[in-house]
J.: 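Let me give you the structure first, and then I'll get to my questions.
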Amino acid sequence: DTAVSQTPKYLVTQMGNDKSIKCEQNLGHDTMYWYKQDSKKFLKIMFSYNNKELIINETVPNRFSPKSPDKAHLNLHINSLELGDSAVYFCASSNRLNYGYTFGSGTRLTVV
Amino acid sequence: GQNIDQPTEMTATEGAIVQINCTYQTSGFNGLFWYQQHAGEAPTFLSYNVLDGLEEKGRFSSFLSRSKGYSYLLLKELQMKDSASYLCAVYNTDKLIFGTGTRLQVFP
């Protein structure tokens, strides 16, 4: 039933490790996004894909690599994790502008 | 640059009315959204304004003035469950840009 689902919900890992977060939407939306929410609760866009094609790549370190195997999935791979990567990462999808984005439940990443 | 400003925190009493203001300066504008986010949860859509004026949806209303770069979210008959963060966001060309959010605490 879940519209936008992310896994895992919590991720604790050591500095230097590589990790992936998965996102899937069953809403039939064409566009998917990754947002990062820092400790001050500020939501900032990282990437956007439309029909598997990258359309937004904000100023994000190239340790972050999104991958969209099809328009229902957008995964985020992070290499060489740093302490400053600790945040909540939200996946979202959209289709029709006036209904906004539908967000996943978030992945709380803690780098120790 | 892109600037979306909201008060950081507000408090109100159950049953009261509260207005959360948002001012924006963005390079483009295709609409303004309000989202509600409870602690530890995902943001959920509340309202969307693209034309000037007031949009009413039950206890919640949202107002937009494009010439002033200003919006507000009005919450009536406050309930304890309305304690949450309220995020103002501007749709700019191809993405949603969020403000820093306003944390609202409702007291009995």
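Since the structure is predicted, the reported quantities are computational estimates derived from the model, not experimental observations. Sequence lines set the chain letters: A, B, ... in the order given, protein chains first and strands last, and positions in each chain run from 1.
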J.: Between B:Phe98 and A:Tyr35, is the ring centroid distance below 6.0 Å?
T.: yes
J.: For chain A, which residues from residues 64-75 of chain B have at least one heavy atom closer than 4.5 Å to it?
T.: none
J.: What are the two closest non-hydrogen atoms of A:Phe42 and B:Gly99, and how far apart are they?
T.: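 Distance-wise, the nearest heavy atoms are CD1-O, 3.8 Å.
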J.: Indicate, with yes or no, if A:Leu11 and A:Val4 share a hydrophobic cluster defined by side-chain heavy-atom contacts under 4.5 Å among Ile, Leu, Val, Met, Phe, Trp and Tyr.
T.: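 No, no single cluster joins them.
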J.: Are A:Val111 and A:Tyr10 linked, directly or through intermediate hydrophobic residues, by side-chain heavy-atom contacts shorter than 4.5 Å (ILVMFWY only)?
T.: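 They do not share one cluster, since no chain of ILVMFWY contacts under 4.5 Å joins A:Tyr10 to A:Val111.
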J.: Please determine whether the number of non-hydrogen atoms from other residues, nucleotides or ligands lying under 6.0 Å from atom NZ of A:Lys52 exceeds 12.
T.: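 Count not over threshold, so no.
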J.: Is A:Val12 linked to A:Tyr89 within one hydrophobic cluster, defined over Ile, Leu, Val, Met, Phe, Trp and Tyr using a side-chain heavy-atom separation of less than 4.5 Å?
T.: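 Result: no, two separate clusters.
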J.: For atom CD of B:Glu77, decide whether the heavy atoms of other residues, nucleotides or ligands shown that lie under 6.0 angstrom number more than 12.
T.: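 Count not over threshold, so no.
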J.: Please classify the contact of A:Leu43 with chain B as side chain, backbone, both or neither, using a heavy-atom distance under 4.5 Å.
T.: both
J.: Tell me whether A:Leu76 shares a hydrophobic cluster with A:Met32, the cluster being built from Ile, Leu, Val, Met, Phe, Trp, Tyr side chains joined at under 4.5 Å.
T.: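 They do share one cluster, since a chain of ILVMFWY contacts under 4.5 Å joins A:Leu76 to A:Met32.
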J.: Once you round to the nearest 0.5 Å, how far does NZ of A:Lys41 lie from OG1 of B:Thr100?
T.: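 Those atoms lie 13.0 Å apart.
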J.: Does any part of the side chain of B:Phe45, heavy atoms only, come nearer than 4.5 Å to the side chain of A:Phe103, both counted from C-beta?
T.: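 No, their side chains stay 4.5 Å or more apart.
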J.: Ignoring hydrogens, what is the shortest heavy-atom contact between A:Ser105 and B:Ala42? Give both atom names and the distance.
T.: CA-CB, 4.0 Å
J.: Using the side chain to side chain contact (heavy atoms under 4.5 Å, CB included) rule, take A:Glu58 and B:Lys95 through it: C-alpha gap first, then chi angles, then the decisive distance, then the call.
T.: CA-CA 11 Å; A:Glu58 293 289 299; B:Lys95 59 183 179 276; 3.5 Å; yes
J.: Mind listing the closest non-hydrogen atom pair of B:Leu96 and A:Tyr101 along with its distance?
T.: N-OH, 3.0 Å
J.: Let me check something: do B:Tyr48 and A:Tyr33 share a hydrophobic cluster, defined by ILVMFWY side-chain heavy atoms less than 4.5 Å apart, either directly or through other members?
T.: yes
